[in-house]
Amino acid sequence: MKALPLQSHGIAASRLAIGCMGFGGSWDASEPYTAAHMKQLEEAVDAALSIGINFFDHADIYTRGKAEAMFGELLAARPSLREQLIIQSKCGIQLADGELPGRYNFSKQHIVASVDGILQRLGIDYLDILLLHRPDPLMEPEEVAEAIHTLKASGKVRHFGVSNMHSAHLQLLQAAVSEPFIVNQLHMSLAHRHFIDQGLLINRNEGSAVSFDPGLMAYMQMNNIQAQAWGPLAQGRYTGAAASDTTEAEQLAAQYIAYLARLKETSKEAILLGWLMKHPARIQPVLGTTNAARILACQDAERQAELMTRDEWWTLYATASGTHNPGIKSV
Ligand SMILES: NC(=O)c1ccc[n+]([C@@H]2O[C@H](COP(=O)([O-])OP(=O)(O)OC[C@H]3O[C@@H](n4cnc5c(N)ncnc54)[C@H](OP(=O)(O)O)[C@@H]3O)[C@@H](O)[C@H]2O)c1
C-alpha cells in the first residue's frame, strides 16, 4: 500500500481523519455544550480509535471554540489519549461579530495569538499540524514566515499546512517560509467534483464554470503535499440523508452506490469514500460525521478504493455528473 504524503513527513497518520466541526452544539457562543454533546464526542473518538483512526481536524472557529474546548475536556479526563492522537487545527478566519464582517487575518499577531487560544482550549502543549484556513488577500509572506518561525521555535506547532489554497498561494508562501507546507485541505467529494472536472474539461467550453486551480492536484503530488478532503460524505446526499433538493443525477448515483455496496458486501459510505481515495494523490478524507455508527461504516473505505475498478470509478463519476444512467432500477 502506498504511503500517505503525511507519512513520508514522519507523521503516522491514519488514512481517514475525523473532522470536529460538528461537535460542540450550536455556533451560538452563549449556548454551552452539554453532557450529551460530551457523550457524543467521546463515543465518536472511541469509535474512530477502534478502527485505527488517529487523526483529528479542528479549527479555532468551529462552534466558536466549543469544539476544541470539549475536546480539551476529553483529553483532560483521559490524558493518555494525547500521545495516541494527531491533532490538527486551523486559524486565519475571523467570524463576523458586532459591526465587523467575516474576514481573514494572516498577521503575525493574529496567527500567534490564535495558536495560544487553540492550545489553551485543547489543554495541550503543542499542535501536530497548524493549517492557515483560507487565503488572506492581505497576507504578506514574510510576516507569515515570522509567525511560523516563532511557533516552530517555541515548540507550539510541529508542522504546517494550508487550506483552500491555489498552487500559486502555496508557492508564494513557500518561497518565504523555510518550514515545508505539508497539507492542503480542500472541498472534494463525488458531489464537489471540481478537482476532477478541472483537469478533464481543459480546453472545453463546459470547463468555464469549474472553480479549481488546474495545476493544483499535480502540484501537490509532485511536492508531497497531503491533499485532505473536507465534505467527503457530501452531507449524506448519496448515503441516505433526506434532502429536499436532490437532483436526478444524485438519485442515480445514490442507487449505483447502493448497488456497489450490496455487490461488494460493504457500506455505502465505504463506496463513496473509495471513489475519492482512488485518486493517485492519496486524498485523506476528513469525515464530518459526529455519529459513532457512521464512523464505523467508513472503515472499509481504503479497501474499497483498492477494489474499485476503473469502469466503476468512471460510471460513478459520469452518473454523479449527470451524463450517464447506470440503469440500476432498485436500491
Ligand atoms: N477547510 C475548510 O474550509 C473546511 C470547511 C468545512 C469543513 N471542514 C472540515 O471537514 C470536516 C467535514 O466536513 P463536512 O461536515 O462538511 O462534511 P461531510 O463529512 O461531507 O458531512 C458530514 C455531515 O453530513 C451528515 N451525514 C453524513 N452522512 C449522513 C447520512 N447518511 N444521513 C444523514 N446525515 C449524514 C453528518 O451528520 P451526522 O453527524 O449525524 O453523521 C454531518 O452533519 C469538518 O468536520 C471539518 O473538520 C473544513
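What you see is a predicted model; the values in this text were computed from it and never measured.
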Hey, does [Y] have a side-chain heavy atom less than 4.5 Å from the side chain of [X]?
X	Y	answer
L170	N223	no
F23	V45	no
M217	F212	yes
F106	E143	no
D46	R78	yes
I271	Y259	no
Y62	K90	yes
Y317	I196	yes

Report whether [X] and [Y] are members of the same hydrophobic cluster (ILVMFWY, side-chain heavy atoms less than 4.5 Å apart, transitive linking).
X	Y	result
L131	I18	no
V144	V162	yes
L74	I86	no
I111	I129	no
Y256	L272	yes

Out of curiosity, F181 CZ to S163 OG, how far, rounded to the nearest 0.5 Å?
->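 The CZ atom of F181 sits 12.5 Å away from the OG atom of S163.
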Working to the nearest 0.5 Å, report the span between SG of C298 and NZ of K268.
-> 12.5 Å
Please report the closest heavy-atom contact between [X] and [Y], naming both atoms and the distance.
X	Y	value
A227	M188	CB-CE, 4.1 Å
I225	Y219	CD1-CE2, 3.8 Å
I182	H159	CD1-CB, 3.6 Å
M70	H37	CE-O, 3.0 Å
L316	A253	CD1-O, 4.1 Å
M308	G274	CE-C, 4.0 Å

Can you give the donor-acceptor pairs under 3.5 Å from side chains of residues 5-17 to other protein atoms, not counting sequence neighbours?
from: Q7; atom 1: OE1; to: L4; atom 2: N; distance (Å): 2.9
from: Q7; atom 1: NE2; to: A13; atom 2: O; distance (Å): 2.9
from: S8; atom 1: OG; to: P5; atom 2: O; distance (Å): 2.7
from: S8; atom 1: OG; to: N224; atom 2: ND2; distance (Å): 2.7
from: H9; atom 1: NE2; to: N224; atom 2: O; distance (Å): 2.8
from: S14; atom 1: OG; to: L16; atom 2: O; distance (Å): 2.7
from: S14; atom 1: OG; to: N54; atom 2: N; distance (Å): 3.0
from: S14; atom 1: OG; to: N54; atom 2: OD1; distance (Å): 3.0
from: R15; atom 1: NH1; to: I283; atom 2: O; distance (Å): 2.5
from: R15; atom 1: NH2; to: M277; atom 2: O; distance (Å): 3.3

Counterpart residues, side chain to side chain contact (heavy atoms under 4.5 Å, CB included), relative to P214 (two or more places apart) =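 Expected list: Q198.
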Listed by chain and number, what are the side chain to side chain contact (heavy atoms under 4.5 Å, CB included) partners of I51, not counting sequence neighbours?
-> I53, I295, L296, Q299
In residues 95-104, what donor-acceptor pairs under 3.5 Å come from side-chain atoms, sequence neighbours left out?
from: R103; atom 1: NH1; to: L95; atom 2: O; distance (Å): 3.4
from: R103; atom 1: NH1; to: P101; atom 2: O; distance (Å): 2.9

Would you please test L216 and M220 for side chain to side chain contact (heavy atoms under 4.5 Å, CB included) and show each step?
-> CA-CA 6 Å; L216 184 54; M220 291 192 292; 4.0 Å; yes
Sequence neighbours left out, what passes salt bridge (Lys or Arg N to Asp or Glu O under 4.0 Å) with E142? Give chain and number order.
-> none
Excluding sequence neighbours, so at least two apart, what forms salt bridge (Lys or Arg N to Asp or Glu O under 4.0 Å) with D136?
->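 For D136 there are no salt bridge (Lys or Arg N to Asp or Glu O under 4.0 Å) partners, ignoring immediate neighbours.
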Using the ring pair (Phe, Tyr, Trp, His ring centres under 6.0 Å) criterion, which residues pair with [X]? Sequence neighbours excluded.
X	result
H58	F71
H194	H192
H169	H166

Between the side chain of [X] and the main-chain N/O of [Y], is any donor-acceptor distance below 3.5 Å?
X	Y	result
R262	E265	no
D300	S267	no
D60	V115	no
D213	S167	yes

Let me see the working for N291 and T289 under side-chain hydrogen bond (donor to acceptor under 3.5 Å, both in side chains), right down to the final yes or no.
-> CA-CA 5 Å; N291 177 320; T289 180; 5.1 Å; no
Residues that, via side-chain heavy atoms closer than 4.5 angstrom, fall in one hydrophobic cluster with I202 | none
Is any NZ, NE, NH1 or NH2 atom of the basic residue among [X] and [Y] found under 4.0 Å from an Asp or Glu carboxylate oxygen of the other?
X	Y	answer
R204	D197	no
E302	R282	yes
K264	E312	yes

What do the steps show when you test Q251 against T246 for side-chain hydrogen bond (donor to acceptor under 3.5 Å, both in side chains), and what is the final call?
-> CA-CA 7 Å; Q251 283 173 20; T246 308; 5.4 Å; no
Stepwise side chain to side chain contact (heavy atoms under 4.5 Å, CB included) check, L41 with T290 | CA-CA 7 Å; L41 172 67; T290 54; over 6 Å; no
Count the heavy atoms belonging to other residues, nucleotides or ligands that lie under 6.0 Å from CD of Q84, then report whether that count exceeds 12.
-> yes
Does atom CG of D28 have more than 12 heavy-atom neighbours from other groups under 6.0 Å away?
-> yes
Residues F160, V177; criterion side chain to side chain contact (heavy atoms under 4.5 Å, CB included); working and verdict | CA-CA 10 Å; F160 298 86; V177 176; over 6 Å; no
Mind checking whether W275 and W313 have parallel, tilted or perpendicular rings, split at 30° and 60°?
-> parallel
Provide the full list of salt bridge (charged side-chain N to carboxylate O under 4.0 Å, His left out) pairs with a residue in residues 64-76, sequence neighbours left out, each pair given once.
-> E68-R121
Residues pairing under salt bridge (charged side-chain N to carboxylate O under 4.0 Å, His left out) where one sits in residues 218-244, two or more places apart or in two chains, turn out to be R237-D245, R237-E250
So M38 and E42, side chain to side chain contact (heavy atoms under 4.5 Å, CB included) or not? Walk me through it.
-> CA-CA 6 Å; M38 276 308 299; E42 187 160 17; 5.8 Å; no
Side chain to side chain donor-acceptor pair (under 3.5 Å) with D57: of Q88, Q228, Q284, only one passes, and it is Q88
